[in-house]
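Here is the naming used below: chain letters follow the sequence lines, and residue numbers restart at 1 for every chain.
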Amino acid sequence: MALHLYDTATRDVREFRPARSGTASMYICGATVQGVPHIGHVRGALNYDVLRRWLVHNGLDVLLVRNVTDIDDKIVTKAADAGRPWWEWAATHERAFEDAFTVLGCLPPSISPRATGHVTQMVELIQRLIDRDAAYVSGGDVYFSVTSLPDYGSLSGQRPDEVQQGETAADGKRDPRDFTLWKAAKPGEPAWPTPWGEGRPGWHLECSAMATTYLGSEFDIHGGGVDLVFPHHENERAQSHAAGDGFARYWLHNAWVTLSGEKMSKSLGNIVAIPEMLRKCRPVELRYYLIQPHYRSTIEYSDEALAEAAQGYRRVEQFLRRAGGEVRLGEVPAEFAAALDDDLGTPQAFAVLHNTVRDGNTALDAGDDTKALEFAESVRAMVHVLGLDPLSKQWQDAASHSGEARALGTLVDALLSERVQARADKDFTRADAIRDQLTAAGIAVEDTPNGPSWTVRD
RNA sequence: GGCGGCGUGGCCGAGUGGUUCAGGCAAGGGCCUGCAAAGCCCUGUACGCGGGUUCGAUUCCCGCCGCCGCCUCCA
């Protein structure tokens, strides 16, 4: 079965056929860098990272654009409140987002274009819209005329007559539903020169301009959170279609991470920021937690569920450790591929992963190392696609190569040697004392047929 | 008011018109172990409520209840 994806625009699961064979182009709405990232922000990025990895696994050359919206009302307002330059405020939070994406194992995008760097392209797009009578100048503002596009509202399922743009109904609008492409500058605000005067971009314009700049007038996948369906993506689509661009061919939207049943948002004060999360678990465990549920299902965050996920990941990790160090990347099972092909069915994919882990453990228990290795290679192929490969460079414990780690290893090994001797001598009191001592130090000891094994526990 | 989503066993979380319907975590029993740990095996008999369609519905239809989201910045 070929990859199928749920397309918001058509409201059904469609076979994914890239516009250009052998390639896939993705535009992901990244952050408006007005604050610190929380796990909801990161969830979306993770979902699209898995999709991207799956496309790559299937031999496609993927171009991934993840934008940074570094100019908008909130950035200007918040920076002013903090008494900092708007551009410093934006840059600071852009870095926080980048760090969060990186620490959770998102592959870097092909490019992370910033809105402020693409004013030229925005001006050009506005001009095309004006030329086609889809936009008009009013004072120093430029508005998009919603009535110029007959199927306006079709992406989000809104009826045009019911639609309201959140923006204040400015005086210059011909129709209250029209939205702003370009805002005239107010004194003291950041501004760029245009044929219509000094100003700054409206919210939706930058994505249309940047997507088509890098991916062409038509590209394959446009992704973002469900809240972006309307008005952001509806308006992006409108302005690009009105300009004559084919624009996105598949619209994907990921669901929320909620807290106590409510959407995480700064205004509710219920965000779980990334640095805070990483005190509770390892980054790879957070990644596991966030990508296991289906991307279109809401995740109701809880510490307990996160801990369960971490436990589940450790099971996989433990199996690969048991199977030995020389586990190559094998092939993913057909059921795993079928699961991901079915609208990125990660829950089913994880089920296949765990079934394979069990089969592998069973083989190990039976002493069939050859078979176990085959399962391990298959497991590794799956976790590789999911970005969860414990043997990958990303997740190799960085500290394991440090001087401290070597010193620790030497000491633990010495104690374990002593314990092996004690056990051989049937001095179990001594053997257990050593184990207790290590346990108290946060080191878990396991006896295996090949001798003792130890890991540092949280 | 317009549009949309959700309610599954102790918990998380899939899924399907029908004897055996994921997977994980936790729990109990067993195997293994000097004892553990890890691993493996077994056990739980669930689908918000009320109708309807059907030989049969958790799965389809209708109504209801509850929760949530978008329509205002938002991943």
Side-chain angles (χ1 to χ4, degrees), chain A residues 8 11 28-32 34-35 37-48 69 72-75 77 97 153 156-159 161-168 203 223-232 234 253-258 260-268 271 288-289 292-294 296-300 302 304-316 318-319 321-322 335 339 345-355 357-366 423 426-429 431-432 435-436 439 444-449 452-455:
Chain A
T8 303
R11 272 137 236 265
I28 306 304
C29 274
T32 301
Q34 46 144 318
H38 61 241
I39 59 175
H41 293 126
V42 147
R43 187 215 179 161
L46 252 19
N47 290 146
Y48 299 114
T69 297
D72 87 323
D73 290 345
K74 287 231 166 141
I75 291 170
T77 309
F97 271 84
S156 58
Q158 304 286 325
R159 294 186 204 158
D161 55 336
E162 293 284 347
V163 163
Q164 300 170 8
Q165 298 294 344
E167 318 169 347
T168 35
W203 177 29
V226 281
D227 56 333
L228 297 180
V229 176
F230 190 91
H232 186 51
E234 188 72 66
H253 292 96
N254 60 278
W256 302 120
V257 179
T258 60
S260 305
E262 288 184 311
K263 173 182 169 179
M264 225 173 254
S265 79
K266 273 168 277 235
S267 56
L268 292 171
I271 67 165
Y288 182 105
Y289 172 63
Q292 179 171 34
H294 189 85
R296 288 192 286 113
S297 295
T298 303
I299 296 177
E300 165 66 15
S302 74
E304 294 73 22
L306 174 64
E308 282 185 9
Q311 206 57 42
Y313 176 73
R314 287 173 197 170
R315 174 180 157 79
V316 177
Q318 173 75 6
F319 165 62
R321 195 183 302 135
R322 278 187 88 195
E335 315 86 75
T346 51
Q348 298 88 339
F350 274 75
V352 176
L353 172 66
H354 277 103
N355 283 332
V357 166
R358 193 198 314 112
D359 291 343
N361 276 320
T362 301
L364 282 172
D365 286 351
R423 293 181 71 209
K426 307 284 186 197
D427 182 359
F428 296 120
T429 306
D432 290 351
R435 186 168 62 195
D436 291 345
T439 303
V445 176
E446 295 173 14
D447 296 318
T448 77
S453 144
W454 63 277
T455 48

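Look at NZ on A/Lys426: it is 12 Å from C1' on B/rU33, rounded to the nearest Å. Atoms CD (A/Glu262) and P (B/rG66) sit 17 Å apart, rounded to a whole Å. Going from atom CG of A/Leu228 over to atom P of B/rC70 covers 11 Å, rounded to whole Å. Straight-line distance from the CD atom of A/Gln34 to the P atom of B/rA75: 7 Å, rounded to whole Å. The separation between A/Asn254 atom CG and B/rC70 atom P is 14 Å, rounded to whole Å. For the pair A/His354 NE2 and B/rG39 C1', the interatomic distance rounds to 14 Å; values are reported in whole Å. In this structure, A/Phe230 atom CZ and B/rG5 atom C1' are separated by 18 Å, rounded to whole Å. Here the C1' atom of nucleotide B/rG24 and the CZ atom of A/Phe350 are 10 Å apart, to the nearest Å.
Judged by distance alone with a 3.5 Å cut-off, no donor-acceptor contact links the side chain of A/Arg358 to the base of B/rG39. In this model, a side-chain donor or acceptor of A/Arg435 finds a partner on the base of B/rA36 within 3.5 Å. At a cut-off of 3.5 angstrom, counting only N and O atoms as typed in the model, there is no donor on one side facing an acceptor on the other between the side-chain of A/Asp447 and the base of B/rC32.
Among the protein residues, A/Gly225 comes within range of the sugar-phosphate backbone only, with heavy atoms under 4.0 Å from sugar or phosphate atoms but none that close to a base. Contact annotation for A/Val42: no contact, since no heavy-atom pair falls under 4.0 Å across all strands. Counting non-hydrogen atoms under 4.0 angstrom, A/Gly40 reaches a base of the nucleic acid. Residue contacts shown for A/Gly345 are absent, as no nucleic acid heavy atom lies under 4.0 Å away. When heavy atoms are screened at a 4.0 angstrom cut-off, A/His294 is found touching the sugar-phosphate backbone but no base atom. Residue A/Glu304 is out of contact with every strand shown, counting any heavy-atom pair closer than 4.0 Å. A/Ser297 comes within 4.0 angstrom of sugar-phosphate atoms only, judged by non-hydrogen atoms across all strands, and of no base. Using a 4.0 Å heavy-atom distance criterion, A/Thr32 is classed as a sugar-phosphate-only contact. Using a 4.0 Å heavy-atom criterion, one finds that A/Ser156 contacts the sugar-phosphate atoms exclusively. A/Asp73 comes within contact range of no nucleotide atom at all, as no heavy-atom separation falls under 4.0 Å. Within the nucleic acid shown, A/Arg296 has no heavy atom closer than 4.0 Å to any nucleic acid atom. Residue A/Val257 is classed as a base contact, given a heavy-atom separation below 4.0 Å to a base. A/Asn361 comes within 4.0 angstrom of sugar-phosphate atoms only, judged by non-hydrogen atoms across all strands, and of no base.
When distances are taken from the side chain of A/Pro231 to each of B/rG39, B/rC71, B/rA14, the shortest belongs to B/rC71. Looking at the side chain of A/Asp227, the nearest of the listed nucleotides B/rC73, B/rA38, B/rA75 is B/rA75. Picking from B/rG23, B/rG24, B/rA75 the nucleotide with the shortest atom distance to the side chain of A/His41 gives B/rA75. The A/Glu446 side chain lies nearest to B/rA37 when the options are B/rA75, B/rG13, B/rA37. Distances from the side chain of A/Asn355 to the nucleotides B/rG23, B/rA22, B/rG69 place B/rG23 closest. Here the side chain of A/Glu308 is nearest to one of B/rA14, B/rC70, B/rG24, namely B/rG24. Ranking B/rG34, B/rA26, B/rA75 by closeness to the A/Gln311 side chain, first place goes to B/rA26. In the set B/rA14, B/rC12, B/rC71, the nucleotide with an atom closest to the side chain of A/Ala305 is B/rC12. Residue A/Ala431 has its side chain nearest to B/rG34 when only B/rG34, B/rG24, B/rG23 are considered.
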_Bracket notation of RNA chain B in which parentheses pair within the strand, [ ] cross earlier pairs, and | pairs with another strand (Watson-Crick or G-U, under 3.5 Å)_ = (((((((..(((.....[....))).(((((.......)))))....(((((..]....))))))))))))....
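With P as the reference atom, B/rU59 and B/rA46 are 14 Å apart, rounded to whole Å. The gap from the P atom of B/rG1 to that of B/rU8 amounts to 26 Å, rounded to the nearest Å. With both ends at atom C1', the span from B/rG29 to B/rG44 equals 12 Å, rounded to whole Å.
At a cut-off of 3.5 Å, with distance as the only test, a side-chain donor of A/Gln318 or A/Glu446 sits close to an acceptor on the other residue.
The heavy-atom pair separating A/Arg423 from A/Ala431 by the smallest distance is CG-CB, 3.6 Å. When all heavy atoms of A/Val257 and A/Gly40 are compared, the pair lying nearest together is CG2-CA, 3.8 Å. Contact record, A/Asp447 with A/Pro452: OD1-CB, 4.0 Å, taken as the closest heavy-atom pair. Residue A/Arg296 comes nearest to A/His253 through the heavy atom pair CG-O, 3.6 Å, listed as atom of the first residue, atom of the second, then distance.
A/Ala351 pairs by the side chain to side chain contact (heavy atoms under 4.5 Å, CB included) definition with nothing, not counting sequence neighbours.
Ionic pairing of A/Arg322 and A/Asp365 is present here: one or more N-O contacts between side-chain nitrogen and carboxylate oxygen are shorter than 4.0 angstrom.
When the nearest nucleotides of RNA chain B are assigned to A/Thr362 and A/Lys74 by heavy-atom distance, the more 5′-ward of the two goes with A/Thr362.
For the OP1/OP2 pair of B/rG15 and a distance below 4.0 Å, the side-chain nitrogens and oxygens of A/Gln348 include at least one atom meeting the criterion.
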*asked:* Run the side-chain hydrogen bond (donor to acceptor under 3.5 Å, both in side chains) test on A/Thr258 and A/Glu300 for me, step by step, so that the C-alpha distance in whole Å, both residues' side-chain angles and the decisive distance to 0.1 Å come before the verdict.
replied: CA-CA 5 Å; A/Thr258 60; A/Glu300 165 66 15; 2.6 Å; yes
